[in-house]
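Single-structure report; data block below.
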Amino acid sequence: MILREGKVQFVMPSEDSYKDSSVEVFYNPHMAVNRDFTVLMLKAYSILKAKKLNIADPMCASGIRVLRLLEETDIIEKAYLNDIKQSAIKVAKENLKAYKNVEYFNEDANIFLYKNKNFDYIDIDPFGSPVGFLESAISSLKTGGLIGITATDTASISGAYPFKAIRRYGSKPLDVEFYHEVALRILIKYAIQEAFKLDYVLIPVFSFSYRHFLRAFFIKEKGVSKAIPINNQIGYIGYCHSCKFREKYTCLLDIPKYCPICGEFFDYGGPLYLGPLYDIKFLDIMLKEGLSYIQKDSIWLLKTIKEESNVTSPWFYKGNIFGKGNIPKLKDILIHLKATKTHFSKEGFKTDLDFNTIKEFFR
Ligand SMILES: C[S@@+](CC[C@H](N)C(=O)[O-])C[C@H]1O[C@@H](n2cnc3c(N)ncnc32)[C@H](O)[C@@H]1O
Ligand SMILES: [Zn+2]
């Protein structure tokens, strides 16, 4: 059967290709947005570095991601595709048969990544959590290289299963209105710590949450001067479920037991990354190069992210958290609270105004 995505056509052996992870060759059309951003980010990275790229797709499935990069850009020097399933590699070879600058492997992703090194870009797109592949991917990436990580175990880091998040990511999630952002920031913190372990630094350059997945891109660097500012951005968010007050903390011991505003129990999430999610250089190039044929949702994400990139608070608000009365329209909230929309939620807004001003507006 023939499918289309972006500018490409490709073959898939069966129709139920995204039923679950047991299928022989996996393809999820909802991940077109994820792949749009691989194309956009790699274009931006290639422009910033002024060079063509050696890239690795260690969990390539049908090969659609690399096929799109090869057809939609001219920035690929060589692509290395790997999948643990032989059937996936067979289909990827068929889909990419027009290209000579592609090499195929059929191994566990970790073995592939430890054996093959110095990639300019590595894409980690497993079923569920990426945690088991980060150490090998960070080792395998060139210093100065770009890595893109997908996590689809969003429920585990979003507050629904706090003990699972603590076990898997070493962080306590928060069951709050901005849980998507907490989850993304926990994933980013985890990746940063994996790099610290290996004496490298991962600098977050672009990330987002969409439907069931989280996506984060980092540049790999080395050196204490790069590590300190990133380490300083790892901390906690304290949150009052009663009055909705929230605050950033660097140290767990500094978080009060009771809400400083209303005196109720004060919850917390973390450790998580509290710093900027976006490098403006990447954002501006992506917006300029913005491809006309990418998914409508990708364009919406990109434009909304550009707006919210000016806000530094590591959370967003929803109007309905402040009581059940008449909630002001989002457009009025944006004007009165110097706020922006947020890609995390269509009903959400972001602002750096202080909590009391926000609360007063809703009163
Ligand atoms: C979510 S799919 C990847 C989808 C693909 N990147 C895309 O954009 O369509 C995950 C893939 O990882 C493969 N896989 C699972 N465990 C693996 C492992 N340990 N090493 C290598 N590949 C693995 C699966 O066979 C599957 O093809
Ligand atoms: Zn309170």
Side-chain angles (χ1 to χ4, degrees), residues 3 5-6 8 10-14 17-39 42 55-70 79-92 95-96 104-116 121-137 140 148-154 176 212-215 237-247 255-268 321-323 355-356 358-359:
L3 296 175
E5 183 185 302
V8 307
F10 61 107
V11 296
M12 281 298 296
S14 84
S17 56
Y18 69 105
K19 188 185 64 177
D20 58 41
S21 58
S22 69
V23 296
E24 274 306 302
V25 188
F26 187 82
Y27 167 73
N28 183 349
H30 293 312
M31 284 298 202
V33 165
N34 185 312
R35 288 179 285 269
D36 279 349
F37 279 98
T38 306
V39 175
L42 260 71
I55 64 164
D57 189 353
M59 284 157 261
C60 68
S62 66
I64 171 70
R65 199 173 290 263
V66 171
L67 179 63
R68 285 196 56 184
L69 282 163
L70 287 164
Y80 298 78
L81 277 80
N82 178 74
D83 201 285
I84 202 158
K85 285 198 173 145
Q86 216 169 14
S87 43
I89 291 302
K90 203 170 146 220
V91 171
N95 280 326
L96 291 152
Y104 302 90
F105 300 80
N106 178 208
E107 292 184 298
D108 179 273
N110 283 321
I111 295 173
F112 162 80
L113 286 164
Y114 281 124
K115 278 198 206 159
N116 301 283
Y121 176 71
I122 298 176
D123 198 288
I124 297 295
D125 182 26
F127 294 127
S129 173
V131 298
F133 302 102
L134 291 184
E135 190 177 311
S136 59
S140 177
I149 298 165
T150 301
T152 56
D153 60 336
T154 323
V176 292
H212 68 299
F213 73 87
L214 304 168
R215 182 81 164 138
I237 296 176
Y239 185 88
C240 174
H241 293 280
S242 179
C243 75
K244 318 301 177 193
F245 174 69
R246 70 284 311 264
E247 187 65 279
I255 305 174
K257 247 186 159 156
Y258 299 102
C259 173
I261 305 282
C262 74
E264 289 291 327
F265 161 70
F266 203 49
D267 199 0
Y268 79 92
I321 60 168
F322 294 110
F355 180 75
N356 286 331
I358 297 167
K359 193 124 195 199

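Each ligand, and each atom within it, is numbered from 1 in the order the structure gives.
- Residue contact check: Phe133 has heavy atoms under 4.0 Å from atoms 19 (N) of ligand 1.
- Under 4.0 angstrom from ligand 1, the non-hydrogen atoms of Pro126 all belong to its backbone.
- With a heavy-atom cut-off of 4.0 Å, Ala61 touches ligand 1 through backbone and side chain alike.
- Close approach of ligand 1 to Arg35 is summarised as follows: ligand atoms under 4.0 Å from at least one heavy atom of the residue are 7 (C), 8 (O), 9 (O).
- Side-chain contact between Phe245 and Pro260 is present, with heavy atoms from C-beta onward closer than 4.5 Å.
- In this structure a side-chain-to-backbone donor-acceptor pair under 3.5 Å is missing from Ser242 to Phe265.
- With hydrogens left out, the protein atom closest to atom 4 (C) of ligand 1 is Asp125 OD2, 3.2 Å, a heavy atom.
- Within the 4.0 Å heavy-atom criterion, both parts of Met59, backbone and side chain, lie near ligand 1.
- In terms of protein heavy atoms, atom 17 (C) of ligand 1 is closest to Ile84 CG2, 3.7 Å.
- Ring centers of Phe127 and Phe26: under 6.0 Å apart, within the cut-off.
- For the pair Glu135 and Tyr114, the minimum side-chain heavy-atom distance is below 4.5 Å.
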Notebook entry, point to check: Yes or no on salt bridge (Lys or Arg N to Asp or Glu O under 4.0 Å) for Lys90 and Asp83, after CA distance, side-chain angles and deciding distance?
Noted result: CA-CA 10 Å; Lys90 203 170 146 220; Asp83 201 285; over 6 Å; no

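- Within the 4.5 Å cutoff, the side chain of Thr38 has heavy atoms near those of the Arg215 side chain.
- When distances to the Zn ion (ligand 2) are checked against a cut-off of 2.8 Å, Cys259 contributes an N, O or S atom below that limit.
- Side-chain contact between Arg68 and Glu5: present, with at least one pair of heavy atoms (C-beta onward) separated by less than 4.5 Å.
- Remark: distances from the non-hydrogen atoms of Lys85 to ligand 1 include one below 4.0 Å.
- Under a 4.0 Å criterion applied to the non-hydrogen atoms of Ala109, ligand 1 contributes the atoms 18 (C), 20 (N), 21 (C).
- Counting the atoms of ligand 1 from 1 in the order shown, those under 4.0 Å from a heavy atom of Pro58 are 21 (C), 22 (N).
- Side-chain contact, Ser87 with Glu24: a donor N or O sits under 3.5 Å from an acceptor N or O.
- In this structure, Phe355 and Phe322 have tilted ring planes: the angle between them lies in the 30° to 60° band.
- Considering backbone and side-chain N/O atoms, Arg65 comes within less than 3.5 Å of an N/O atom of ligand 1.
- Of the protein's heavy atoms, Asp83 OD2, 3.7 Å lies nearest to atom 11 (C) of ligand 1.
- Annotation: side chain of Phe133 is not in contact with side chain of Pro58 (no heavy-atom distance under 4.5 Å).
- Given atom 19 (N) of ligand 1, the protein heavy atom at minimum distance is Asp108 OD2, 2.9 Å.
- Heavy atoms of Tyr27 stay at 4.0 angstrom or farther from ligand 1.
- Using a 4.0 angstrom heavy-atom cutoff, Ser62 does not count as in contact with ligand 1.
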